[in-house]
Amino acid sequence: MIDQRLLRTDLDGVKAALSRRSRPKLIDDVDRAAQLDARLRDIQAERDEIRAKVNSVSKDVGMLRRDGNVEEAEKLQVQSREFGASEKSLAGEHDDVSALLNDLLLGLPNIPHADAPDGASDADNPVITGPIGLNTTFPAWQRVPHWETAEALGILDNERATKISGAMFTMQRGAGATLARALTQFGLDRNADVHEEIRPPSLVTTATLTATGQLPKFADDAYLIERDDLWCVPTAEASLTSIFSDEILDDTDLPIRLMAFSPSFRREAGSAGRDTRGMLRAHEFDKVELLAFATPEQAPALLDDMVGRAASAMGDLGLPYRVMEICTGDMGQSHHRTFDVEVYAPGVDTWLEVSSVSWFGDYQARRGNTRFRRHDEDGKPSKGSEFVHTLNGSALAVPRVWAAIIENYRNEDGSITVPEALHRYMRNITVIR
RNA sequence: GGAGAGGUGCCAGAGCGGCCGAAUGGGAUGCCCUGCUAAGGCAUUGACCCUCCGGGGUCCGUGGGUUCAAAUCCCACCCUCUCCGCCA
């Protein structure tokens with residue numbers, strides 16, 4: 001959620017910033033939100049005034065009754081009842097307007113960072129780093145899609161996954177399952193230097209999923225367990241972002257850096273039929289996520305650090321990769337600034353998005369109400385509090401990296417050489433055959 | 001899932017229709033006293049919104065209701081604890 005106050009202090013600035021997202025309808029929404037905000041404040045002021053009167057009259061009534069002056073008291077009560085009636089109607093109007101405004105604000109995307117590149121779609125995303133480690137040519141035996149290789153080796157059995165759970169579920173077997181788990185362990189271990197490991201719940205409340213921005217707009221993309229009103233997390237980001245909601249952190253504790261392994265559940269509504277083969281898109285997959293809570297000043301360096309971590313993981317696995325910056329037209333709803341790490345997979349001849357690292361500003365913290373308090377040089381806490389900045393990114397999303405390994409490490413005989421960085425997690429399996 | 005108890009400020013804990021944004025104790029911070037330490041004295045100590053900067057409003061688990069007036073009464077829900085049941 002963007003700062004409602006900006007609608008009054010810098011309406012033109014908000015409109016200019018959001019217009020960079022190439023969605024004209026947004027500007028109408030901003031205008032409408034600004035109108036509702038102004039109306040709401042008028043109602044609020046009027047209401048406060050009446051409440052003040054009711055409060056003071058009620059106090060007088062109390063004193064009069066104590067002194068036995070029933071007659072005067074009853075006169076005042078009549079007056080107060082009238083105030084009460086008009087307050088009630090204002091309260092109703094207030095609720096209506098604020099519900100409308102809240103819907104609008106929840107739907108408004110974050111303001112893009114000034115340095116985020118302009119653009120209309122993913123075609124406009126500039127390459128920031130790389131490609132690194134990309135060969136100019138690939139031998140024919142590497143031009144085989146991973147599902148063909150993996151099924152032949154018996155390490156991927158999507159047919160039976162479908163029998164068990166339906167379309168777009170995957171199942172790894174034997175060394176394939178070991179490889180998947182090795183990747184998560186690899187993803188966690190290399191980030192344990194500065195991140196606290198968390199094992200968060202995978203089912204979360206509506207409030208939790210609203211804080212990250214998935215709800216209310218993207219409800220169709222998530223699995224809802226209706227009986228208990230719980231959602232399956234689409235990413236550990238959802239659980240981690242709400243970990244300190246309704247709390248006020250100390251700036252001396254910031255940045256707080258967390259990492260978590262979790263399953264991720266996605267309905268993939270609207271993408272039926274796309275990337276249905278292999279491991280590229282599934283309803284459930286495993287991922288190691290990084291997340292940081294920071295002051296605004298700390299955020300840019302943390303963003304760089306996270307992008308570096310996601311990218312170097314691919315480098316250490318010996319996979320060809322590049323880093324893209326996401327342009328304003330392609331940015332996610334909650335994002336302030338975003339970088340993607342992509343890995344080249346020769347079998348499907350595509351760059352696969354394996355990590356997306358974003359800085360959210362205070363957009364998520366405002367929705368989740370996560371604040372921090374500053375301290376001066378003498379360690380004295382300052383008055384009031386601010387919203388923290390959040391950042392997150394995938395340290396390692398298992399399925400696509402898994403697929404990229406199968407395709408990049410395929411040998412002429414159809415076997416797979418396990419990248420050296422994973423040997424220690426692979427129970428001595430160095431070649432999958 | 002069943003029975004009972006309870007949710008109040010940084011913590012503990014009182015209040016159970018008006019004088020309560022809230023006693024008391026602890027903690028923290030500042031000042032005084034003190035050679036240092038200990039002890040002591042005094043004071044300060046929640047968040048949020050609006051503001052014509054005088055002030056006004058909201059918040060005692062959450063949401064509704066009763067009342068001139070709700071932390072206090074009523075209803076629903078959530079959460080915590082204890083016992084029982086079930087269970088990796």
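In what follows, chains carry the letters A, B, and so on, assigned in the order in which the sequence lines appear, proteins first and then strands, with residues in each chain numbered from 1. Keep in mind the model is a prediction, meaning the values are calculated, not measured.
For R66(A), the listed nucleotide lying nearest its side chain is C19(B); candidates were C50(B), C19(B), U58(B). Side-chain proximity of I248(A) to the nucleotides A47(B), U51(B), G56(B) is greatest for A47(B). Here G57(B) is the nucleotide among A47(B), U51(B), G57(B) with the atom lying nearest to any side-chain atom of R51(A). Of the candidate nucleotides C50(B), C19(B), C68(B), C68(B) has the atom nearest to the side chain of R81(A). Distances from the side chain of R5(A) to the nucleotides G18(B), C48(B), C50(B) place C50(B) closest. Checking C48(B), C50(B), A69(B) against the side-chain heavy atoms of R371(A) singles out C48(B) as nearest.
Glycosidic conformation at G54(B) (O4'-C1'-N9-C4 for purines, O4'-C1'-N1-C2 for pyrimidines): syn, within 90° of 0.
In this model, the phosphate group of G56(B) is not approached by any side-chain N or O of R47(A) to a distance below 4.0 Å at OP1 or OP2. Contact annotation: N55(A) reaches the phosphate of G57(B) (side-chain N/O to OP1 or OP2, under 4.0 Å). Between R373(A) and A47(B) there is a side-chain N or O to OP1 or OP2 distance below 4.0 Å.
To the nearest angstrom, C1' of C19(B) lies 16 Å from CZ of R65(A).
Comparing the P positions of A70(B) and G27(B) gives a spacing of 37 Å, expressed to the nearest Å. Nucleotides G4(B) and G13(B) have their P atoms positioned 23 Å apart, rounded to a whole Å. Across the C1' atoms, C32(B) and G9(B) are found 28 Å apart, a figure rounded to whole Å.
A donor-acceptor pair is defined here as one N or O able to donate and one able to accept, closer than 3.5 Å; no such pair exists between the side chain of Q172(A) and the backbone of A177(A). A distance-only check finds no donor-acceptor pair linking the side chain of D250(A) to the backbone of D253(A) [under 3.5 Å]. No side-chain donor-acceptor contact under 3.5 Å links E148(A) to the backbone of P145(A). Checked by atom type and distance alone, the side chain of R47(A) never pairs as donor or acceptor with a backbone atom of H94(A) at under 3.5 Å.
Pairing each heavy atom of V233(A) with each of A238(A), the nearest pair is CG1-CB, 4.1 Å.
Within 4.0 Å (heavy atoms only), S80(A) reaches sugar-phosphate atoms of the nucleic acid but no base atom. Among the protein residues, A52(A) comes within range of the sugar-phosphate backbone only, with heavy atoms under 4.0 Å from sugar or phosphate atoms but none that close to a base.
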